[in-house]
Amino acid sequence: MVEIKVSGKSLQALEGQTIIHALWSAGRASEVQTGCAGGVCGACTVTIRFRDARKGGTDLACLRLVEEGMEVFPYPIGSAPAVAPVREPSVEKLK
């Protein structure tokens with residue numbers, strides 16, 4: 001187990017878990033937005049900081065593995081409006 005902080009709140013996570021999986025396991029899924037959960041959409045972008053000399057930065061919570069002492073700060077994002085499906089879209093519609 002490792003201890004991380006997400007938005008200032010402590011969280012125990014299994015070593016080898018991604019940040020997003022650690023949040024889901026702890027029942028705190030709403031703290032970081034997700035879209036694809038596969039590193040494509042960028043909805044789970046977070047800022048990472050460490051109190052020691054390790055380098056932090058910006059990363060995706062769905063890809064970044066937890067590390068002892070990690071501090072995670074989610075980016076607030078708005079939701080995208082739903083789009084109704086179209087059975088046979090035209091080229092113009094797809095653009």
Side-chain angles (χ1 to χ4, degrees):
M1 297 294 280
V2 297
E3 183 176 341
I4 66 171
K5 287 188 177 183
V6 179
S7 300
K9 299 177 203 163
S10 292
L11 172 70
Q12 294 293 319
L14 292 174
E15 192 170 356
Q17 274 186 319
T18 62
I19 297 167
I20 201 67
H21 282 96
L23 285 164
W24 290 347
S25 295
R28 294 170 55 180
S30 64
E31 292 185 38
V32 174
Q33 299 296 314
T34 56
C36 68
V40 177
C41 73
C44 65
T45 301
V46 293
T47 297
I48 297 168
R49 179 174 75 185
F50 294 96
R51 290 188 181 251
D52 58 17
R54 285 180 286 172
K55 184 179 178 183
T58 302
D59 213 334
L60 299 176
C62 68
L63 298 179
R64 181 68 182 255
L65 299 180
V66 295
E67 295 179 48
E68 182 66 39
M70 175 184 273
E71 294 182 339
V72 179
F73 301 91
Y75 281 20
I77 61 166
S79 60
V83 177
V86 176
R87 186 173 291 281
E88 294 183 37
S90 66
V91 172
E92 289 304 313
K93 193 77 151 166
L94 291 172
K95 287 181 182 180

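Across G35 and A43, no two heavy atoms sit closer than the pair N-CB, 3.8 Å. Closest approach of V32 and A61 over heavy atoms only: CG1-CB, 4.0 Å.
At a threshold of 4.5 Å between side-chain heavy atoms, the hydrophobic network of Ile, Leu, Val, Met, Phe, Trp and Tyr places L11 and W24 in one connected group. When hydrophobic clusters are built by joining Ile, Leu, Val, Met, Phe, Trp and Tyr residues whose side-chain heavy atoms come closer than 4.5 Å, directly or via intermediates, M70 is grouped together with I20. A single hydrophobic cluster is not seen to contain both Y75 and L23; linkage of ILVMFWY side chains at heavy-atom distances under 4.5 Å, directly or through other members, places them apart. Linking Ile, Leu, Val, Met, Phe, Trp and Tyr residues whenever their side-chain heavy atoms come within less than 4.5 Å places V2 and I19 in a single cluster. Cluster membership for L65 and L14, using ILVMFWY side-chain heavy atoms within less than 4.5 angstrom, is not shared.
Salt-bridge formation is not detected for the pair E71/K5: no Lys NZ or Arg NE/NH1/NH2 atom is positioned less than 4.0 Å from an Asp or Glu carboxylate oxygen.
One distance of note links CD of E67 with CZ of R54; it measures 5.5 Å at 0.5 Å rounding. To the nearest 0.5 angstrom, T45 atom OG1 is 5.0 Å from L60 atom CG. Atom OG1 in T58 sits 12.0 Å away from atom CZ in F73 (nearest 0.5 Å).
Under 3.5 Å, the side chains of Q17 and S25 contain a donor-acceptor pair of N or O atoms.
E68 contributes a side-chain N or O that, together with a main-chain N or O of E3, makes up a donor-acceptor pair within less than 3.5 Å.
A heavy-atom distance below 4.5 Å is not found between the side chains of T18 and C62.
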